[in-house]
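Working notes, structure below.
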Amino acid sequence: MKTYSLKDKIIRSNCLIIAVLLTVLELVVYLVVSRIQIADAVKLNQMLAQTICVGVDNSVKAFRGQINFVTMSNKMQDGLRSIPKDEESAMFRKSALLSAIVRNTLVINEVDAVYLYGTDEKQITYWQKRPTTSDTRSLFEIMPKLEYAENGGVAMSLYEGQLVFSRRILDLNSREILGYCVFVYEMDKMETLLNNISPDSNRLVALLTPQGQVVACNESEDPDLVNTLNTMKPEDYEGTEAVWADMGKESVLVCSHHTDTDGWKLVCLVKKSQLLISVQVMALAIFVLGMAGIFLGILMETYVANRMVLPLIQLTEQVKRIGQADYSTHNSVNTKDEIELLGQSMNHMNDQINILINQVLKGEIQYKDMQLQALQAQINPHFLYNTLECINSLAQLGRKEEVRTVTVAFSDITKSLLAEAKEVTIENELKYVEDFLKIYQIMLGNKLKYTIEIQAGLEKIMIPRMTVQPFVENAVLHGIKPCGREGTISVSVVLADAGILISVNDDGKGIEQERLESIEQYIDGLGLSGSSERIGVGMKNVIRRIRLYYGEDAGIHVSSFPDMGTTIDLMLPAETGETFDSI
């Protein structure tokens, strides 16, 4: 079960209170300000729609005035009154009317094209600012079926995607019909007008016909607004009040206003999320300030909690160290209250425990040291006896060169035995083993071969003296020598996952099943108690020494098969930096 300290509980509870208060404050501010923001946005967009309508009305009025300027000129009136008698006069009449159109429309930026028709509704001439097709033919070769005011006024309509103004040209004196004209408004100018009045690309402003057809709109980057406009019906924005349109997960504010001419409408659409951007920014600011407040609150609460809980933390740490067998620490609580009295009692108890533990440890260390000395005394005479027996045998056989080799090896072994250090490097231990094997290789002749391998980087690792030699000696005397044939002993030292693996392998006689079971029982008994007559002195002593040095951290495994050999695996801890003299 996970537990929390008193300081953590104080900090967590106070920070939770601060966080809840800030959350409630942010929610209240967001709801109140968002309602105010929505109300203001509705008024603003209605005013914007009205303003754009005024701009569109002024533009239409100006354009109609320019149409009057073109169609009421004397040259236009005279040209339409004249009746051509032949083809030449017809061409002259057409050229004169085209000249009147071009001269008067060049100063009108909004005109995209002008088409002039006679009373027979046949096209007389036309002018286009830019060609609409590759062959530059007329867009309206046949007079379009448009509305023409009886009094000669200018009618506005959407025809084949073009904003057109149509007029019946009347004689200024007799009010007789002289012809018909169609002016095409340049759509780019209308879109520019809408963009200039409403430059926000997140708002869609569109000019609609009374039937709900889109004439022109500003450059909106939001396709959702365009889709919303296309799905709405004319009756959805008949009035002048703002309405909300459903766009799936989000609502769209729709503000509309009627123009002064021909019942056209101006519609303004904007997402609710765009209207609440400032509210969201303010909410983010409140959130950031709230997080800063929580952070400062944590700092202040940590400071206050430290002053309140620090004495308890000291006592808790002292108890933990006592639990880890560290009795050298003392607390320095000085609170002038019951906690200080508790701290003094803890210090006194710690001192008493330290005294008792030291007495027990000293006695145990002395006992182990006497055991080690006794074991070492048993190992050395046993090995010296076997070595001297080998030299004696070689001397009796008269093998002088081999006697010299054995003597040199024996000299190195003697130097090693005279050393007082309780631990040696693996490299020196294997050198000691190699000198031992040299002696028995000469003594047994061609019956003994050996290999010694050590993984790079492990040479300087420290291990107890004479850890490997007794196992090798056992392999020679009880494995290779009795089998009566050639045998091989392999010694290897490698780094494994569990530690350092030292293996001694021979292919000799093997160990009887009963003796093998006795060895396993002795190893399972940690080698610290009990005895077995079936286990040799050297193996018994080295097992006990390893258990004294490493305890249960070391592992020993013996496997053997009759006439196939024996393998002894010794697993030692990889961390061997601490000296064994402290045990």
Main chain of [Y], side chain of [X]: is a donor-acceptor contact present, judged purely on distance under 3.5 Å?
{"X": "Glu88", "Y": "Asp86", "result": "no"}
{"X": "Arg64", "Y": "Val154", "result": "yes"}
{"X": "Ser345", "Y": "Leu341", "result": "yes"}

[atom1] of [X] to [atom2] of [Y]: how many Å apart, nearest 0.5 Å?
{"X": "Ser99", "Y": "Lys94", "atom1": "OG", "atom2": "NZ", "answer": "14.0 Å"}
{"X": "Glu121", "Y": "Thr119", "atom1": "CD", "atom2": "OG1", "answer": "9.0 Å"}
{"X": "Leu458", "Y": "Ile426", "atom1": "CG", "atom2": "CD1", "answer": "5.5 Å"}
{"X": "Met72", "Y": "Leu172", "atom1": "CE", "atom2": "CG", "answer": "6.0 Å"}
{"X": "Leu116", "Y": "Ile101", "atom1": "CG", "atom2": "CD1", "answer": "4.5 Å"}
{"X": "Phe183", "Y": "Ser166", "atom1": "CZ", "atom2": "OG", "answer": "11.0 Å"}

Notebook entry, point to check: So Cys181 and Arg168, side chain to side chain contact (heavy atoms under 4.5 Å, CB included) or not? Walk me through it.
Noted result: CA-CA 7 Å; Cys181 69; Arg168 181 183 284 112; over 6 Å; no

Where is the tightest heavy-atom contact between [X] and [Y], given as atom of each residue plus distance?
{"X": "Arg93", "Y": "Ser82", "value": "NE-O, 3.4 Å"}
{"X": "Glu459", "Y": "Ile454", "value": "CA-CD1, 3.8 Å"}
{"X": "Leu163", "Y": "Leu158", "value": "N-CD1, 4.1 Å"}
{"X": "Ala113", "Y": "Gln128", "value": "CB-CG, 3.8 Å"}
{"X": "Val184", "Y": "Tyr115", "value": "CG2-CE1, 3.7 Å"}
{"X": "Met76", "Y": "Val70", "value": "CB-O, 3.7 Å"}

Next item on the list: Hey, can you tell me if Tyr185 and Phe63 have their rings parallel, tilted or perpendicular (30° and 60° cut-offs)?
Entry: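 It falls in the perpendicular class, over 60°.
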
Next item on the list: Could you list the residues that satisfy ring-ring contact (aromatic ring centres under 6.0 Å, His included) with Tyr159, not counting sequence neighbours?
Entry: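 In terms of ring-ring contact (aromatic ring centres under 6.0 Å, His included), with neighbours along the sequence ignored, Tyr159 is linked to Phe140.
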
Checklist line | Contacts of type side-chain hydrogen bond (donor to acceptor under 3.5 Å, both in side chains), residue Lys85, not counting sequence neighbours | finding: none

Item checked: Pairing residues for Asn347 by the side-chain hydrogen bond (donor to acceptor under 3.5 Å, both in side chains) criterion, not counting sequence neighbours ->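 Once residues adjacent in sequence are excluded, the partners of Asn347 under the side-chain hydrogen bond (donor to acceptor under 3.5 Å, both in side chains) criterion are Gln318, Asn331.
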
Checklist line | Verdict with reasoning, Leu572 to Ile502, per side chain to side chain contact (heavy atoms under 4.5 Å, CB included) | finding: CA-CA 8 Å; Leu572 302 181; Ile502 302 176; 4.0 Å; yes

Checklist line | Leu495 and Ile500: CA distance, side-chain angles, deciding distance, side chain to side chain contact (heavy atoms under 4.5 Å, CB included) verdict | finding: CA-CA 5 Å; Leu495 182 64; Ile500 300 172; 4.2 Å; yes

Near [X] [atom1], under 6.0 Å, is it more than 12 heavy atoms from other residues, nucleotides or ligands?
{"X": "Glu176", "atom1": "CD", "answer": "no"}
{"X": "Asp497", "atom1": "CG", "answer": "no"}
{"X": "Met349", "atom1": "CE", "answer": "yes"}
{"X": "Lys122", "atom1": "NZ", "answer": "no"}

For a 4.5 angstrom cut-off between non-hydrogen side-chain atoms, does [X] reach [Y]?
{"X": "Met156", "Y": "Val164", "answer": "no"}
{"X": "Tyr148", "Y": "Val182", "answer": "yes"}
{"X": "Leu570", "Y": "Leu501", "answer": "no"}
{"X": "Leu253", "Y": "Leu269", "answer": "no"}
{"X": "Trp264", "Y": "Asp57", "answer": "no"}
{"X": "Thr425", "Y": "Met462", "answer": "yes"}
{"X": "Val60", "Y": "Phe165", "answer": "yes"}
{"X": "Ile124", "Y": "Leu97", "answer": "yes"}

Next item on the list: Compute whether any side-chain donor of one residue and acceptor of the other, for Thr209 and Lys265, lie under 3.5 angstrom apart.
Entry: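 There is no such pair between these side chains.
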
Notebook entry, point to check: Which is it for Tyr180 and Met143 under the side chain to side chain contact (heavy atoms under 4.5 Å, CB included) test, yes or no, and what are the steps along the way?
Noted result: CA-CA 8 Å; Tyr180 304 88; Met143 189 175 75; 3.6 Å; yes

